Number of protein chains: 2
Amino acid sequence: MDNPFAPPGHDHASCVLSALDAAEAVCARRGERLTPLRRRVLELVWRGHRPVGAYDLLAMLQHERGRVAPPTVYRALDFLCEQGLVHRLDSLQAFIGCGQAADHQDGREDGRHRAHFLICRDCGIAVEVRDGQLDGAISHLAGRAGFAISDETIELSGRCADCQNEWIMGA
Amino acid sequence: MDNPFAPPGHDHASCVLSALDAAEAVCARRGERLTPLRRRVLELVWRGHRPVGAYDLLAMLQHERGRVAPPTVYRALDFLCEQGLVHRLDSLQAFIGCGQAADHQDGREDGRHRAHFLICRDCGIAVEVRDGQLDGAISHLAGRAGFAISDETIELSGRCADCQNEWIMGA
DNA sequence: ATTCATTTTGTTATGTTATATCATTTTGTG
DNA sequence: CACAAAATGATATAACATAACAAAATGAAT
Ligand SMILES: [Zn+2]
Ligand SMILES: [Zn+2]
Ligand SMILES: [Zn+2]
Ligand SMILES: [Zn+2]
(Lines give C-alpha, C1' and ligand atoms only; values in the text may rest on other atoms or scores of the structure.)
(Ligands and ions follow the chains in the order given, each with its own letter.)
Protein backbone atom coordinates (compact mmCIF):
# COMPACT_ATOMS: atom_id res chain seq x y z
CA MET A 1 0.00 0.00 0.00
CA ASP A 2 2.12 2.87 -1.21
CA ASN A 3 0.09 5.69 -2.65
CA PRO A 4 1.84 7.00 -5.77
CA PHE A 5 -0.24 10.20 -5.88
CA ALA A 6 1.69 13.34 -5.04
CA PRO A 7 0.31 14.77 -1.77
CA PRO A 8 -1.28 18.24 -1.93
CA GLY A 9 1.46 20.04 -0.01
CA HIS A 10 4.54 18.55 -1.68
CA ASP A 11 7.41 20.61 -3.03
CA HIS A 12 6.13 20.92 -6.54
CA ALA A 13 8.76 23.43 -7.59
CA SER A 14 11.25 20.59 -7.41
CA CYS A 15 9.00 18.39 -9.54
CA VAL A 16 9.11 21.09 -12.22
CA LEU A 17 12.83 21.67 -11.91
CA SER A 18 13.73 18.03 -12.16
CA ALA A 19 11.42 17.60 -15.13
CA LEU A 20 13.06 20.50 -16.95
CA ASP A 21 16.55 19.31 -16.05
CA ALA A 22 15.75 15.81 -17.26
CA ALA A 23 14.36 17.28 -20.48
CA GLU A 24 17.50 19.31 -21.11
CA ALA A 25 19.62 16.23 -20.51
CA VAL A 26 17.52 13.97 -22.72
CA CYS A 27 17.49 16.43 -25.60
CA ALA A 28 21.19 17.19 -25.31
CA ARG A 29 22.04 13.51 -25.42
CA ARG A 30 19.87 12.97 -28.50
CA GLY A 31 20.89 16.11 -30.33
CA GLU A 32 17.33 17.44 -30.20
CA ARG A 33 16.56 21.09 -29.57
CA LEU A 34 14.60 22.05 -26.49
CA THR A 35 13.81 25.53 -27.74
CA PRO A 36 12.46 28.26 -25.45
CA LEU A 37 8.95 27.64 -26.71
CA ARG A 38 9.12 23.89 -26.18
CA ARG A 39 10.71 24.37 -22.79
CA ARG A 40 7.98 26.81 -21.80
CA VAL A 41 5.21 24.47 -22.94
CA LEU A 42 6.79 21.67 -20.94
CA GLU A 43 6.91 23.97 -17.93
CA LEU A 44 3.24 24.85 -18.37
CA VAL A 45 2.30 21.18 -18.66
CA TRP A 46 4.08 20.72 -15.37
CA ARG A 47 1.95 23.39 -13.71
CA GLY A 48 0.60 20.55 -11.61
CA HIS A 49 -0.07 16.84 -11.65
CA ARG A 50 -3.38 17.23 -13.43
CA PRO A 51 -3.60 16.57 -17.17
CA VAL A 52 -3.87 19.80 -19.17
CA GLY A 53 -5.81 20.34 -22.37
CA ALA A 54 -4.04 21.71 -25.43
CA TYR A 55 -6.38 24.67 -25.45
CA ASP A 56 -5.64 25.40 -21.80
CA LEU A 57 -1.98 25.60 -22.74
CA LEU A 58 -2.92 27.76 -25.69
CA ALA A 59 -4.75 30.17 -23.39
CA MET A 60 -1.75 30.35 -21.04
CA LEU A 61 0.60 31.09 -23.91
CA GLN A 62 -1.75 33.70 -25.31
CA HIS A 63 -1.88 35.31 -21.89
CA GLU A 64 1.88 35.76 -21.87
CA ARG A 65 2.65 36.31 -25.58
CA GLY A 66 -0.44 37.71 -27.25
CA ARG A 67 -1.55 36.00 -30.44
CA VAL A 68 -0.71 32.32 -30.46
CA ALA A 69 -2.42 29.81 -32.72
CA PRO A 70 -3.25 26.14 -32.03
CA PRO A 71 -0.48 24.72 -34.26
CA THR A 72 2.12 26.39 -32.06
CA VAL A 73 0.93 24.42 -29.07
CA TYR A 74 0.33 21.17 -30.91
CA ARG A 75 3.76 21.26 -32.51
CA ALA A 76 5.44 21.73 -29.17
CA LEU A 77 3.33 18.95 -27.69
CA ASP A 78 4.13 16.66 -30.60
CA PHE A 79 7.82 17.22 -30.05
CA LEU A 80 7.57 16.66 -26.31
CA CYS A 81 5.51 13.49 -26.82
CA GLU A 82 8.01 12.17 -29.35
CA GLN A 83 10.80 12.71 -26.86
CA GLY A 84 8.75 10.96 -24.17
CA LEU A 85 8.73 14.09 -22.02
CA VAL A 86 4.98 14.44 -22.16
CA HIS A 87 2.21 11.88 -22.57
CA ARG A 88 -1.23 12.22 -24.05
CA LEU A 89 -4.06 10.71 -22.05
CA ASP A 90 -6.47 9.48 -24.70
CA SER A 91 -9.32 9.01 -22.28
CA LEU A 92 -9.14 12.70 -21.36
CA GLN A 93 -7.76 14.22 -24.54
CA ALA A 94 -5.22 15.94 -22.36
CA PHE A 95 -1.49 16.00 -21.70
CA ILE A 96 0.68 15.36 -18.68
CA GLY A 97 4.38 15.60 -17.95
CA CYS A 98 6.24 12.31 -17.98
CA GLY A 99 6.84 11.03 -14.49
CA GLN A 100 9.83 8.92 -15.54
CA ALA A 101 11.80 11.35 -17.67
CA ALA A 102 14.74 11.10 -15.28
CA ASP A 103 15.03 7.29 -15.55
CA HIS A 104 14.57 7.36 -19.32
CA GLN A 105 15.97 4.08 -20.58
CA ASP A 106 15.20 4.94 -24.19
CA GLY A 107 13.04 1.97 -24.99
CA ARG A 108 12.90 3.00 -28.63
CA GLU A 109 14.70 4.96 -31.27
CA ASP A 110 12.63 8.00 -30.43
CA GLY A 111 12.13 8.85 -26.79
CA ARG A 112 8.75 7.21 -26.30
CA HIS A 113 8.22 4.52 -23.73
CA ARG A 114 5.46 2.49 -22.14
CA ALA A 115 3.34 4.70 -19.92
CA HIS A 116 0.44 3.49 -17.80
CA PHE A 117 -1.74 5.76 -15.70
CA LEU A 118 -3.98 5.99 -12.69
CA ILE A 119 -6.36 8.92 -12.99
CA CYS A 120 -8.39 10.18 -10.04
CA ARG A 121 -11.80 11.47 -11.02
CA ASP A 122 -12.23 13.42 -7.80
CA CYS A 123 -9.02 15.41 -7.50
CA GLY A 124 -8.15 15.14 -11.19
CA ILE A 125 -4.58 14.05 -10.55
CA ALA A 126 -2.98 11.46 -12.80
CA VAL A 127 0.13 9.42 -12.06
CA GLU A 128 2.30 7.37 -14.32
CA VAL A 129 2.86 3.91 -12.90
CA ARG A 130 5.07 1.02 -13.83
CA ASP A 131 4.37 -2.55 -12.92
CA GLY A 132 6.32 -5.59 -14.01
CA GLN A 133 3.41 -7.93 -13.47
CA LEU A 134 1.19 -5.78 -15.69
CA ASP A 135 3.89 -5.54 -18.35
CA GLY A 136 4.26 -9.30 -18.21
CA ALA A 137 0.53 -9.93 -18.51
CA ILE A 138 0.33 -7.66 -21.54
CA SER A 139 3.30 -9.26 -23.26
CA HIS A 140 1.94 -12.70 -22.53
CA LEU A 141 -1.52 -11.81 -23.84
CA ALA A 142 -0.11 -10.33 -27.03
CA GLY A 143 2.24 -13.25 -27.49
CA ARG A 144 -0.54 -15.81 -27.27
CA ALA A 145 -2.55 -13.88 -29.84
CA GLY A 146 0.43 -13.56 -32.18
CA PHE A 147 0.00 -9.81 -31.90
CA ALA A 148 2.95 -7.40 -32.16
CA ILE A 149 2.32 -4.40 -29.94
CA SER A 150 3.59 -1.03 -31.04
CA ASP A 151 1.63 1.23 -28.68
CA GLU A 152 -0.19 0.83 -25.39
CA THR A 153 -3.00 2.96 -24.06
CA ILE A 154 -3.54 1.96 -20.45
CA GLU A 155 -5.47 4.42 -18.33
CA LEU A 156 -7.25 3.41 -15.16
CA SER A 157 -9.80 5.90 -13.88
CA GLY A 158 -11.23 5.90 -10.41
CA ARG A 159 -10.57 7.39 -6.99
CA CYS A 160 -7.19 7.80 -5.38
CA ALA A 161 -6.60 6.74 -1.77
CA ASP A 162 -6.76 10.30 -0.45
CA CYS A 163 -10.06 11.07 -2.13
CA GLN A 164 -11.55 7.85 -0.77
CA ASN A 165 -10.47 8.83 2.72
CA GLU A 166 -11.95 12.29 2.40
CA TRP A 167 -15.32 10.73 1.82
CA ILE A 168 -15.01 8.57 4.89
CA MET A 169 -13.92 11.51 7.02
CA GLY A 170 -16.77 13.64 5.75
CA ALA A 171 -14.44 16.39 4.57
CA MET B 1 -1.11 -19.08 -30.19
CA ASP B 2 -4.75 -18.60 -31.01
CA ASN B 3 -5.40 -15.57 -33.14
CA PRO B 4 -8.55 -13.81 -31.91
CA PHE B 5 -8.89 -11.69 -35.05
CA ALA B 6 -11.82 -12.64 -37.25
CA PRO B 7 -10.49 -14.01 -40.56
CA PRO B 8 -11.36 -12.07 -43.74
CA GLY B 9 -13.75 -14.66 -45.14
CA HIS B 10 -15.73 -15.52 -42.02
CA ASP B 11 -19.53 -15.58 -41.89
CA HIS B 12 -20.00 -12.03 -40.75
CA ALA B 13 -23.74 -12.05 -41.20
CA SER B 14 -23.89 -14.39 -38.22
CA CYS B 15 -21.69 -11.99 -36.20
CA VAL B 16 -24.27 -9.28 -36.84
CA LEU B 17 -27.24 -11.52 -36.14
CA SER B 18 -25.89 -12.79 -32.86
CA ALA B 19 -24.97 -9.26 -31.79
CA LEU B 20 -28.48 -8.02 -32.50
CA ASP B 21 -30.05 -11.03 -30.81
CA ALA B 22 -27.88 -10.58 -27.76
CA ALA B 23 -28.81 -6.88 -27.69
CA GLU B 24 -32.51 -7.66 -27.82
CA ALA B 25 -32.11 -10.15 -25.00
CA VAL B 26 -30.03 -7.84 -22.84
CA CYS B 27 -32.42 -4.92 -23.23
CA ALA B 28 -35.50 -7.07 -22.67
CA ARG B 29 -34.05 -8.45 -19.46
CA ARG B 30 -33.23 -4.97 -18.18
CA GLY B 31 -36.42 -3.28 -19.30
CA GLU B 32 -34.50 -1.01 -21.67
CA ARG B 33 -35.80 -0.09 -25.08
CA LEU B 34 -33.84 -1.12 -28.16
CA THR B 35 -35.71 1.23 -30.46
CA PRO B 36 -35.48 0.96 -34.26
CA LEU B 37 -32.97 3.80 -34.35
CA ARG B 38 -30.76 2.28 -31.69
CA ARG B 39 -31.00 -1.12 -33.26
CA ARG B 40 -30.09 0.31 -36.63
CA VAL B 41 -27.10 2.17 -35.22
CA LEU B 42 -25.94 -1.03 -33.55
CA GLU B 43 -26.30 -2.83 -36.85
CA LEU B 44 -24.27 -0.15 -38.60
CA VAL B 45 -21.56 -0.34 -35.94
CA TRP B 46 -21.46 -4.06 -36.70
CA ARG B 47 -20.82 -3.41 -40.38
CA GLY B 48 -17.47 -5.02 -39.76
CA HIS B 49 -14.83 -5.58 -37.12
CA ARG B 50 -13.26 -2.19 -37.66
CA PRO B 51 -14.04 0.66 -35.28
CA VAL B 52 -16.40 3.23 -36.81
CA GLY B 53 -16.40 6.97 -36.25
CA ALA B 54 -19.56 8.69 -35.04
CA TYR B 55 -19.57 10.84 -38.14
CA ASP B 56 -19.26 7.80 -40.38
CA LEU B 57 -22.38 6.45 -38.74
CA LEU B 58 -23.99 9.84 -39.18
CA ALA B 59 -23.23 9.76 -42.90
CA MET B 60 -24.70 6.26 -43.22
CA LEU B 61 -27.87 7.32 -41.45
CA GLN B 62 -28.14 10.44 -43.56
CA HIS B 63 -27.78 8.30 -46.64
CA GLU B 64 -30.81 6.24 -45.69
CA ARG B 65 -33.00 8.82 -43.87
CA GLY B 66 -32.10 12.27 -45.17
CA ARG B 67 -31.42 14.92 -42.55
CA VAL B 68 -29.91 13.48 -39.40
CA ALA B 69 -27.99 15.55 -36.87
CA PRO B 70 -25.02 14.53 -34.71
CA PRO B 71 -27.00 14.28 -31.44
CA THR B 72 -29.12 11.54 -32.97
CA VAL B 73 -26.06 9.38 -33.45
CA TYR B 74 -24.39 10.29 -30.19
CA ARG B 75 -27.52 9.58 -28.19
CA ALA B 76 -27.86 6.17 -29.73
CA LEU B 77 -24.17 5.48 -29.12
CA ASP B 78 -24.46 6.67 -25.52
CA PHE B 79 -27.31 4.27 -24.94
CA LEU B 80 -25.49 1.38 -26.56
CA CYS B 81 -22.33 2.11 -24.57
CA GLU B 82 -24.30 2.30 -21.32
CA GLN B 83 -25.77 -1.09 -22.08
CA GLY B 84 -22.33 -2.46 -22.86
CA LEU B 85 -23.37 -3.30 -26.41
CA VAL B 86 -20.85 -0.94 -27.94
CA HIS B 87 -17.48 0.29 -26.74
CA ARG B 88 -15.68 3.51 -27.47
CA LEU B 89 -12.01 3.18 -28.35
CA ASP B 90 -10.45 6.28 -26.86
CA SER B 91 -7.22 5.90 -28.79
CA LEU B 92 -9.18 6.06 -32.07
CA GLN B 93 -12.18 8.15 -31.09
CA ALA B 94 -14.29 5.46 -32.65
CA PHE B 95 -16.83 2.83 -31.71
CA ILE B 96 -17.00 -0.92 -32.02
CA GLY B 97 -19.62 -3.55 -31.27
CA CYS B 98 -19.11 -5.45 -28.04
CA GLY B 99 -17.57 -8.84 -28.66
CA GLN B 100 -18.93 -10.28 -25.41
CA ALA B 101 -22.54 -9.14 -25.49
CA ALA B 102 -23.70 -12.74 -25.49
CA ASP B 103 -21.82 -13.71 -22.30
CA HIS B 104 -22.83 -10.50 -20.54
CA GLN B 105 -22.39 -11.19 -16.84
CA ASP B 106 -23.59 -7.71 -15.89
CA GLY B 107 -20.59 -6.69 -13.87
CA ARG B 108 -22.35 -3.50 -12.83
CA GLU B 109 -25.72 -1.91 -12.36
CA ASP B 110 -25.64 -0.60 -15.90
CA GLY B 111 -24.53 -2.92 -18.64
CA ARG B 112 -20.92 -1.79 -18.83
CA HIS B 113 -18.07 -4.19 -18.31
CA ARG B 114 -14.32 -4.38 -18.56
CA ALA B 115 -13.25 -4.28 -22.16
CA HIS B 116 -9.68 -4.61 -23.39
CA PHE B 117 -8.65 -4.38 -27.02
CA LEU B 118 -6.09 -5.38 -29.58
CA ILE B 119 -6.12 -3.02 -32.54
CA CYS B 120 -4.31 -3.81 -35.77
CA ARG B 121 -2.91 -0.75 -37.49
CA ASP B 122 -2.58 -2.52 -40.82
CA CYS B 123 -5.98 -4.06 -41.38
CA GLY B 124 -7.78 -1.76 -38.94
CA ILE B 125 -9.54 -4.59 -37.14
CA ALA B 126 -10.02 -4.42 -33.39
CA VAL B 127 -10.86 -7.33 -31.09
CA GLU B 128 -12.08 -7.34 -27.55
CA VAL B 129 -9.99 -9.67 -25.43
CA ARG B 130 -10.29 -10.99 -21.91
CA ASP B 131 -7.37 -12.22 -19.88
CA GLY B 132 -7.44 -13.29 -16.26
CA GLN B 133 -3.76 -12.62 -15.77
CA LEU B 134 -4.18 -9.07 -17.07
CA ASP B 135 -7.24 -8.50 -14.90
CA GLY B 136 -5.30 -9.80 -11.93
CA ALA B 137 -2.29 -7.59 -12.60
CA ILE B 138 -4.52 -4.55 -12.85
CA SER B 139 -6.40 -5.33 -9.66
CA HIS B 140 -3.17 -5.98 -7.86
CA LEU B 141 -1.61 -2.76 -9.08
CA ALA B 142 -4.64 -0.71 -8.07
CA GLY B 143 -4.84 -2.47 -4.72
CA ARG B 144 -1.24 -1.70 -3.84
CA ALA B 145 -1.81 1.96 -4.69
CA GLY B 146 -5.02 2.11 -2.67
CA PHE B 147 -6.75 3.11 -5.89
CA ALA B 148 -10.39 2.24 -6.59
CA ILE B 149 -10.86 1.67 -10.31
CA SER B 150 -14.13 2.65 -11.90
CA ASP B 151 -13.14 2.54 -15.56
CA GLU B 152 -10.39 0.97 -17.61
CA THR B 153 -9.06 2.09 -20.94
CA ILE B 154 -6.80 -0.66 -22.23
CA GLU B 155 -6.04 -0.55 -25.93
CA LEU B 156 -3.04 -2.27 -27.46
CA SER B 157 -2.16 -1.14 -30.96
CA GLY B 158 0.11 -3.00 -33.30
CA ARG B 159 -0.04 -5.67 -35.99
CA CYS B 160 -2.19 -8.74 -35.93
CA ALA B 161 -0.76 -12.15 -36.80
CA ASP B 162 -2.24 -12.17 -40.31
CA CYS B 163 -0.83 -8.77 -41.20
CA GLN B 164 2.61 -9.81 -39.96
CA ASN B 165 2.46 -12.89 -42.17
CA GLU B 166 1.44 -10.88 -45.20
CA TRP B 167 4.62 -8.88 -44.91
CA ILE B 168 6.70 -12.03 -44.75
CA MET B 169 4.94 -13.54 -47.77
CA GLY B 170 5.39 -10.34 -49.76
CA ALA B 171 1.68 -10.00 -50.44
C1' DA C 1 30.98 36.82 -43.22
C1' DT C 2 27.98 34.82 -46.92
C1' DT C 3 25.50 31.38 -48.72
C1' DC C 4 22.39 27.84 -48.36
C1' DA C 5 19.66 23.98 -46.65
C1' DT C 6 17.15 22.65 -42.62
C1' DT C 7 14.40 23.37 -38.78
C1' DT C 8 11.36 26.02 -36.20
C1' DT C 9 7.77 29.26 -35.64
C1' DG C 10 3.96 32.35 -37.39
C1' DT C 11 -0.46 32.76 -39.72
C1' DT C 12 -4.78 31.67 -41.81
C1' DA C 13 -8.09 28.56 -42.70
C1' DT C 14 -10.43 24.39 -42.09
C1' DG C 15 -11.48 19.70 -40.51
C1' DT C 16 -13.12 16.51 -36.95
C1' DT C 17 -15.41 15.14 -32.77
C1' DA C 18 -18.88 16.12 -29.30
C1' DT C 19 -22.42 18.65 -26.52
C1' DA C 20 -26.02 22.19 -24.96
C1' DT C 21 -30.64 23.54 -25.51
C1' DC C 22 -35.23 23.54 -26.59
C1' DA C 23 -39.13 21.79 -29.61
C1' DT C 24 -41.71 17.82 -31.13
C1' DT C 25 -43.07 13.17 -31.30
C1' DT C 26 -43.63 8.66 -29.48
C1' DT C 27 -44.52 5.52 -25.81
C1' DG C 28 -46.40 3.49 -21.83
C1' DT C 29 -49.87 4.12 -17.91
C1' DG C 30 -54.00 5.15 -15.37
C1' DC D 1 -58.50 9.93 -23.42
C1' DA D 2 -55.28 12.44 -20.45
C1' DC D 3 -50.95 12.55 -18.72
C1' DA D 4 -45.98 11.96 -17.60
C1' DA D 5 -41.86 10.10 -19.20
C1' DA D 6 -38.81 8.81 -22.72
C1' DA D 7 -37.02 9.32 -27.20
C1' DT D 8 -36.08 11.91 -31.28
C1' DG D 9 -35.67 16.17 -34.16
C1' DA D 10 -33.49 20.55 -34.99
C1' DT D 11 -30.40 24.43 -34.38
C1' DA D 12 -26.44 26.19 -32.68
C1' DT D 13 -22.03 26.01 -30.71
C1' DA D 14 -18.10 24.11 -28.14
C1' DA D 15 -13.80 21.52 -27.94
C1' DC D 16 -10.03 19.28 -30.08
C1' DA D 17 -6.81 18.91 -33.97
C1' DT D 18 -4.49 19.51 -38.59
C1' DA D 19 -3.36 21.29 -43.51
C1' DA D 20 -0.85 24.49 -46.06
C1' DC D 21 2.08 28.09 -46.85
C1' DA D 22 4.99 32.21 -45.30
C1' DA D 23 8.55 34.04 -42.47
C1' DA D 24 12.26 33.70 -39.39
C1' DA D 25 15.90 31.42 -36.89
C1' DT D 26 19.57 28.07 -36.79
C1' DG D 27 23.65 25.55 -38.09
C1' DA D 28 27.07 24.02 -41.43
C1' DA D 29 29.97 24.78 -45.44
C1' DT D 30 32.34 27.75 -48.14
ZN1 LIG E 1 4.65 17.92 -7.97
ZN1 LIG F 1 -7.79 11.98 -5.94
ZN1 LIG G 1 -17.68 -10.86 -38.18
ZN1 LIG H 1 -4.40 -6.88 -39.10
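All chains are named by letter (A, B, ...) in the order of the sequence lines, taking the proteins before the strands, and each is independently numbered beginning at 1. What you are looking at is a predicted structure, and each value in this text was computed from that prediction instead of being measured.
- Each of B:A76 and A:G53 was assigned the nucleotide of DNA chain D with the nearest heavy atom; the assignment lying further toward the 5' end belongs to B:A76.
- Going from atom CZ of B:R39 over to atom C1' of D:dT8 covers 19 Å, rounded to whole Å.
- Straight-line distance from the CG atom of A:D78 to the C1' atom of D:dT18: 10 Å, rounded to whole Å.
- In this structure, the side chain to side chain contact (heavy atoms under 4.5 Å, CB included) partners of B:T35, at least two apart in sequence or on a different chain, are B:R33, B:L37, B:R38.
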Could you list, one pair per line, each protein nitrogen or oxygen that sits under 3.5 Å from a nitrogen or oxygen of nucleotides 10-15 of chain C, together with the distance?
{"from": "C:dG10", "atom 1": "N7", "to": "A:R75", "atom 2": "NH2", "distance (Å)": "2.5"}
{"from": "C:dG10", "atom 1": "O6", "to": "A:R75", "atom 2": "NH1", "distance (Å)": "2.9"}

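- A side-chain donor from one of B:S150 and A:R121 sits under 3.5 Å from a side-chain acceptor of the other.
- One interatomic measurement links the two molecules: CZ of A:R38 to P of D:dA25, which rounds to 16 Å at whole-angstrom precision.
- Under 4.0 Å is where a charged nitrogen must lie from a carboxylate oxygen, and between A:R130 and A:D135 at least one such pair does.
- B:F79 places its CZ atom 14 Å from the C1' atom of D:dT8, with the value rounded to the nearest Å.
- Residue B:E82 contributes atom CD, which lies 13 Å from atom C1' of D:dA6 at whole-angstrom precision.
- Note on B:T35: every side-chain N or O is 4.0 Å or more away from OP1 and OP2 of C:dT26.
- How far CD of A:E128 is from NE2 of A:H49: 12.0 Å, rounded to the nearest 0.5 Å.
- One interatomic measurement links the two molecules: CG of B:L77 to P of D:dA7, which rounds to 15 Å at whole-angstrom precision.
- Side-chain atoms of B:H12 come within 3.5 Å of backbone N or O of B:W46 as a donor-acceptor pair.
- In this structure, CG of B:L58 is placed 13 Å from P of D:dA10, rounded to the nearest angstrom.
- Cluster partners of A:F5, using a side-chain heavy-atom cutoff of under 4.5 Å among ILVMFWY residues and allowing indirect links, are A:L118, A:I125, A:V127, A:V129, A:L134, A:I138, A:L141, A:F147, A:I149, A:I154, A:L156, B:F5, B:L118, B:I125, B:V127, B:V129, B:L134, B:I138, B:L141, B:F147, B:I149, B:I154, B:L156.
- The side chain of B:Y74 sits closest to C:dT17 out of C:dT9, D:dC16, C:dT17.
- Distance CZ/A:R39 to CG/A:L80: 11.5 Å, rounded to 0.5 Å.
- Heavy-atom nearest nucleotides on DNA chain C were determined for B:R33 and for B:Y55, and the one closer to the 5' end corresponds to B:Y55.
- Atom CG of A:D90 and atom P of C:dT17 are 14 Å apart (whole Å).
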